[in-house]
Amino acid sequence: MSDWLDRLATLEQLGVAAVLVTVAAVDGSAPREAGAKMVVTAADSSGSIGGGELEFQAIRIARQMLRGQAGPSLRRFPLGPSLGQCCGGHVTLLFEPRRAENFTLALFGAGHVGRALVSILGTLPCRVRWIDPRPDAFPDHVPPNVTVEVSPAPEREVAGLPDGAWLLVMTHNHALDLGIVARALQENRFAYIGLIGSATKRARFEKRFRDLGIAEERIAGLVCPIGIKGIEGKQPGEIAIAAAADILRRREAVLAGLPLEEAEV
């Protein structure tokens, strides 16, 4: 019974819109009982309201709702020749759109780039957890969607992040960067892990990750260097804009039901 709840919770953390389809009422014979549920996104569906043409039509309607701004609605379906089903009863379905909510982004590091990035993230639909061990590194004021977290061991904060969170690692210390990214790769439950640095830094870190026994496919998923291609400036503001643009592009891919790698250019 909790599968659909777990699915909706995961989608909320990822910032993916969905429609919850529920069998609201049954009159006569039907493939599923009242209360059966299905969760539909632009890319897939989970659960079942009975299969067949009824389910196909419900998925089609749900995806039409995702493309628009429709609110909840009830629709009645006769289970006869028009649906290619011979149950003979009627089913009423409740469609409840769940719009894409703010996604969680954990930013490790309150240096110059981190500060520039927070000023951009403060204008975006995301919840930011800004983590650094230095209390004096943070500015006096941060945007309302940003939560400052002073932690003496930032790598331990990875365990408390929600599934599907997005991580950007740019601390003042390479050893700290290594520990945070290694922990995130080991947990293997985040939408994105980005590490500031050069290709040389990545190669050096990859060797350490292998020494820790981290699987190659997880290492391959690390984004380093970060930032959208074509912006080559090295000023903090330029790096921040490039990083934010890349995250937005990748998130659009997720919302469209595409794998993250399809956001690459």
Side-chain angles (χ1 to χ4, degrees), residues 9-17 69 98-173 176-177 180-181 183-184 189-197 222-256 260 263-265:
T10 298
L11 293 172
E12 180 180 355
Q13 294 297 340
L14 289 170
V16 177
Q69 296 296 322
R98 304 296 181 98
R99 302 301 171 194
E101 300 292 341
N102 297 344
F103 64 102
T104 296
L105 189 148
L107 174 60
F108 291 87
H112 295 302
V113 177
R115 283 173 170 244
L117 187 56
V118 160
S119 68
I120 298 171
L121 296 175
T123 68
L124 302 181
C126 60
R127 296 183 295 269
V128 181
R129 293 177 60 174
W130 195 10
I131 304 165
D132 196 288
R134 304 165 297 168
D136 58 348
F138 297 100
D140 293 333
H141 302 286
V142 298
N145 64 329
V146 176
T147 301
V148 167
E149 300 181 24
V150 179
S151 172
E155 67 276 11
R156 296 179 186 171
E157 305 305 320
V158 172
L161 296 175
D163 292 348
W166 297 60
L167 279 68
L168 265 176
V169 182
M170 48 181 67
T171 77
H172 61 291
N173 184 286
L176 196 53
D177 284 350
I180 294 166
V181 175
R183 181 72 63 88
R189 58 187 182 86
F190 301 113
Y192 167 94
I193 304 171
L195 171 66
I196 196 169
L222 172 67
V223 178
C224 179
I226 59 172
I228 193 170
K229 293 185 172 84
I231 300 178
E232 307 299 336
K234 301 301 181 184
Q235 294 298 316
E238 294 170 319
I239 297 171
I241 289 170
D246 191 40
I247 286 173
L248 286 177
R249 182 178 57 185
R250 291 170 185 271
R251 183 169 180 265
E252 287 296 323
V254 170
L255 295 177
L260 281 177
E264 302 279 5
V265 291

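Side chains included, hydrogens not; waters and symmetry mates left out as well; all remaining heavy atoms used. Quick note: residue numbers are just sequence positions, from 1.
- Applying the 6.0 Å contact sphere to NE2 of His172 captures more than 12 heavy atoms from other residues, nucleotides or ligands.
- With contacts defined as side-chain heavy-atom distances shorter than 4.5 Å, the pair Pro143/Val118 qualifies.
- Shown here for Ile239 and Gly233, the closest heavy-atom pair between the two residues is CG1-O, 3.8 Å.
- Side chain of Arg183 to backbone of Glu157: no donor-acceptor contact under 3.5 angstrom is found.
- When all heavy atoms are compared, the tightest approach of Ser119 to Thr123 is O-CG2, 3.9 Å.
- Taking each heavy atom of Pro133 and Pro152 in turn, the nearest pair found is CB-CA, 4.2 Å.
- Distance CG/Asp246 to CD1/Ile241: 13.5 Å, rounded to 0.5 Å.
- A distance-only check finds a donor-acceptor pair linking the side chain of Glu238 to the backbone of Lys234 [under 3.5 Å].
- Under a 3.5 Å cut-off, the side chain of Trp166 and the backbone N or O of Phe190 do not form any donor-acceptor pair.
- Across all non-hydrogen atoms, the minimal contact from Asp132 to Ala137 is OD1-CB, 4.3 Å.
- Taking CD1 from Ile180 and CD1 from Ile193, the interatomic distance works out to 11.5 Å, rounded to the nearest 0.5 Å.
- Contact record, Pro162 with Arg129: CD-NH1, 4.2 Å, taken as the closest heavy-atom pair.
- A 4.5 Å side-chain heavy-atom check between Arg115 and Pro139 finds at least one atom pair inside the cut-off.
- Atom CG of residue Asp177 and atom CD of residue Glu155 lie 11.0 Å apart, to the nearest 0.5 angstrom.
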Evaluate the criterion side-chain contact (heavy atoms from CB on, under 4.5 Å) for residue pair Leu117 and Met170; output intermediate values, then yes/no. CA-CA 11 Å; Leu117 187 56; Met170 48 181 67; 4.1 Å; yes

Hey, mind stepping through Ile226 and Tyr192 against side-chain contact (heavy atoms from CB on, under 4.5 Å) and telling me if it holds? CA-CA 11 Å; Ile226 59 172; Tyr192 167 94; 3.9 Å; yes

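- Taking CG of Leu105 as the reference point, atom CD1 of Ile247 lies at 5.0 Å (rounded to 0.5 Å).
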Mind running side-chain contact (heavy atoms from CB on, under 4.5 Å) on Phe138 and Glu149 for me, showing each step along the way? CA-CA 10 Å; Phe138 297 100; Glu149 300 181 24; over 6 Å; no

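- Applying the side-chain hydrogen bond (donor to acceptor under 3.5 Å, both in side chains) criterion to Thr104, with sequence neighbours excluded, gives Arg127.
- When atom types are taken as modelled, the side chain of Asp163 and the backbone of Arg189 share no donor-acceptor pair closer than 3.5 angstrom.
- Side chain of Asn145 to main chain of Leu121: a donor-acceptor pair is present (N/O by atom type, distance under 3.5 Å, no hydrogens or angles).
- When all heavy atoms of Pro125 and Arg251 are compared, the closest pair comes out as CG-NH1, 4.4 Å.
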What do the steps show when you test Leu176 against Phe108 for side-chain contact (heavy atoms from CB on, under 4.5 Å), and what is the final call? CA-CA 10 Å; Leu176 196 53; Phe108 291 87; over 6 Å; no

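- Side-chain contact between Leu11 and Arg98 is absent, with no heavy-atom pair separated by less than 4.5 Å.
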